[in-house]
There are 2 protein chains.
Amino acid sequence: MLSALEEAGLYIAKWAEQNSGGSLTDCPVRGVLDRISDKWSMLLVMTLADGPRRFNQIRREVPDISQKMLTQTLRDLQRDGLVARRVYDTKPPSVEYRLTPMGESIIVPFGHLIEWASENHRRITASRVEFDAA
Amino acid sequence: MLSALEEAGLYIAKWAEQNSGGSLTDCPVRGVLDRISDKWSMLLVMTLADGPRRFNQIRREVPDISQKMLTQTLRDLQRDGLVARRVYDTKPPSVEYRLTPMGESIIVPFGHLIEWASENHRRITASRVEFDAA
DNA sequence: CGGGATCCTAGTTGATACTG
DNA sequence: CAGTATCAACTAGGATCCCG
């Protein structure tokens, strides 16, 4: 039972222990995780995982994102070095977004999380129903 | 290069293809992911990964969470079946939170993500600095 | 086509005070 | 100790209009 915990590599907890006094607040990993865990970043990364996409192409594939959040999230991902933006000087202009090598590397942990979610979302839904009954 | 993508198991993308018309909007995995990706859930799960904790014990370990958000996040995690709450009838009363088996199972994908973050947060920070310079 | 700039709302979070 | 309740602040996000 403990093996799963050990295997997980509890970076945050370890970090807290090693930095007595600093506690969890300053953990550098939290900054990364907070960015990743916004509403759209993960979804856009997974969309681009399938290959480069143009702006309005992404909009069509993720219909419920607003243009503002698409622009903003793509820029944030670019800023973090996960996505590369390439402008083709055609008319009308076309802009292509693709994952950088680092962006592609995050697909793996994302994939694990998605796999977990697909395996457990029924259990979670059932648990919610049961909880709300009480 | 494509092997990483395949290995990731692109559940969301596959789901969209299989459900033509519904697109990504209704993907059941997204509901799970949205819940998990709030500000505190992941951090609390990782805190409880180390073993059961009492309410104020968690507060001390995660100093920058407000009592309101701690209560709320713990209740949400309990509702989703990731955390079990056990009340000991002492005085003053003590309440213990521990991960359920499902809660423990999510540590593994979380661990992968944390590992990724710990490996890349320097690169990300550097990328941000470079981006902001322009 | 690929955005930028505004305005505005709704949900999230924190601070504070109180309770069994 | 382990919460609840209330209020205030903040901000993520959407709607709309505009532009090169």
Side-chain angles (χ1 to χ4, degrees), chain A residues 23-25 30-45 47-48 51-80 83-98 128 131-132 134, chain B residues 23-25 30-44 47-48 51-80 83-98 131-132 134:
Chain A
S23 73
L24 292 175
T25 312
R30 283 181 60 178
V32 177
L33 261 28
D34 281 355
R35 261 292 294 105
I36 282 169
S37 71
D38 67 74
K39 194 174 182 184
W40 300 109
S41 291
M42 184 166 165
L43 193 56
L44 291 189
V45 167
T47 299
L48 291 176
R53 293 282 191 281
R54 292 176 50 187
F55 189 84
N56 282 316
Q57 201 175 355
I58 301 175
R59 287 192 74 173
R60 281 189 293 275
E61 293 190 39
V62 188
D64 53 343
I65 193 173
S66 66
Q67 160 265 12
K68 173 184 177 180
M69 291 317 297
L70 179 54
T71 302
Q72 184 175 307
T73 306
L74 283 173
R75 199 184 327 109
D76 288 342
L77 289 172
Q78 187 191 356
R79 190 172 104 101
D80 286 357
V83 161
R85 186 186 125 120
R86 184 182 289 174
V87 182
Y88 293 97
D89 207 21
T90 59
K91 45 181 175 179
S94 78
V95 180
E96 182 193 78
Y97 294 92
R98 67 168 69 227
R128 286 177 187 172
F131 185 90
D132 293 342
Chain B
S23 75
L24 292 175
T25 313
R30 282 182 60 179
V32 177
L33 262 29
D34 281 355
R35 262 292 293 107
I36 281 169
S37 71
D38 67 74
K39 194 173 181 184
W40 301 110
S41 292
M42 185 166 165
L43 193 55
L44 291 189
T47 300
L48 290 176
R53 293 282 190 282
R54 292 175 50 187
F55 189 84
N56 282 316
Q57 200 175 355
I58 301 175
R59 286 192 74 174
R60 281 189 294 274
E61 293 192 38
V62 188
D64 53 342
I65 192 174
S66 67
Q67 131 273 27
K68 174 183 176 179
M69 291 316 297
L70 179 54
T71 302
Q72 185 175 307
T73 306
L74 284 173
R75 200 187 322 111
D76 288 341
L77 289 172
Q78 187 191 356
R79 191 173 104 100
D80 286 357
V83 161
R85 186 186 124 119
R86 184 183 289 174
V87 182
Y88 293 97
D89 206 20
T90 58
K91 48 182 176 181
S94 79
V95 180
E96 183 193 79
Y97 294 91
R98 67 168 69 228
F131 184 90
D132 293 342

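All values derive from a computational prediction rather than experimental measurement.
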Note to self: Measure CG/A:Asp89 against C1'/D:dG20 and give the value in whole Å, please.
What the structure shows: 12 Å
Checklist line | A:Asp64 vs A:Trp40, side chain to side chain contact (heavy atoms under 4.5 Å, CB included): CA-CA, chis, key distance, verdict | finding: CA-CA 10 Å; A:Asp64 53 343; A:Trp40 300 109; 4.0 Å; yes
Notebook entry, point to check: Between B:Gln72 and A:Thr71, which has a closest nucleotide on DNA chain C that is more 5'?
Noted result: A:Thr71
Note to self: Heavy atoms from C-beta onward define the side chain here; which of D:dC1, D:dG20, D:dG13 lies closest to that of B:Pro93?
What the structure shows: D:dC1
Check: Separation of A:Arg59 atom CZ from D:dG14 atom C1', in whole Å?
Finding: 11 Å
Note to self: Rounded to whole Å, please give me the gap between CD in B:Gln57 and P in D:dA2.
What the structure shows: 9 Å
Notebook entry, point to check: Under 4.0 angstrom, heavy atoms only, what part of the nucleic acid is A:Gln67 near: base, sugar-phosphate, or nothing?
Noted result: base
Notebook entry, point to check: If you look at every heavy atom in A:Thr47 and A:Glu61, which pair is closest and at what distance?
Noted result: CG2-OE1, 3.7 Å
Next item on the list: To the nearest 0.5 angstrom, please state how far the CD atom of A:Gln67 sits from the OG1 atom of A:Thr71.
Entry: 4.5 Å
Notebook entry, point to check: Taking atom C1' of D:dG3 as reference, at what distance in whole Å does atom CZ of B:Arg75 sit?
Noted result: 10 Å
Check: From the 5' end of DNA chain C to its 3' end, which nucleotides mark the outer limits of contact with chain A, defined by a 4.0 Å heavy-atom distance cut-off (strictly under)?
Finding: C:dC1 to C:dC7
Checklist line | Rounded interatomic separation in angstrom, taking CG from B:Leu74 and P from D:dC1 | finding: 16 Å
Item checked: Check: A:Arg75 and B:Phe131 side chains under 4.5 Å, non-hydrogen atoms -> yes
Notebook entry, point to check: When you look at A:Arg128 and B:Asp80, which way does the side chain to side chain contact (heavy atoms under 4.5 Å, CB included) test go after all the steps?
Noted result: CA-CA 5 Å; A:Arg128 286 177 187 172; B:Asp80 286 357; 2.6 Å; yes
Margin query: Is there a side-chain contact between B:Arg54 and the phosphate of D:dC1, meaning an N or O under 4.0 Å from OP1 or OP2?
Written below: no
Check: Between B:Arg35 and B:Leu77, which heavy-atom pair has the shortest distance, and what is it?
Finding: NH2-N, 3.8 Å
Notebook entry, point to check: What would the secondary structure line of DNA chain D be in dot-bracket form, counting Watson-Crick and G-U wobble pairs under 3.5 Å, with [ ] for pairs that cross earlier ones and | for pairs with another strand?
Noted result: ||||||||||||||||||||
Item checked: A:Trp40 vs B:Phe55, nearer the 5' end of DNA chain D by closest nucleotide -> B:Phe55
Note to self: Categorize B:Lys91 for me: base, sugar-phosphate, or nothing, with a 4.0 angstrom heavy-atom threshold over every strand shown.
What the structure shows: nothing
Notebook entry, point to check: With sugar-phosphate meaning primed atoms plus P, OP1 and OP2, does A:Tyr88 contact a base, only sugar-phosphate, or nothing at under 4.0 Å between heavy atoms?
Noted result: nothing
Margin query: For the CG atom of B:Leu43 and the CD1 atom of B:Ile65, what is their distance to the nearest 0.5 Å?
Written below: 7.5 Å
Margin query: Both B:Pro92 and B:Asp38 contact DNA chain C. Taking the nearest nucleotide for each, which residue is further toward the 5' end?
Written below: B:Asp38
Notebook entry, point to check: Whole-Å distance between D:dG13 C1' and A:Leu43 CG?
Noted result: 15 Å
Next item on the list: Output the single nucleotide from D:dC1, D:dG13, D:dT6 whose closest atom is nearest the side chain of A:Lys68.
Entry: D:dG13
Margin query: From CG of B:Asn56 over to C1' of D:dA2, roughly how many Å is that when rounded to an integer?
Written below: 6 Å
Checklist line | Counterpart residues, side-chain contact (heavy atoms from CB on, under 4.5 Å), relative to A:Pro52 (two or more places apart) | finding: A:Glu96, A:Arg98
Checklist line | Length of the CG-P vector between A:Leu44 and D:dG13, whole Å | finding: 11 Å
Check: Which atoms form the tightest heavy-atom contact between A:Arg59 and A:Leu70, and what is the distance?
Finding: CG-CD2, 3.2 Å
Notebook entry, point to check: Which atoms form the tightest heavy-atom contact between A:Tyr97 and A:Leu48, and what is the distance?
Noted result: O-CD2, 3.5 Å
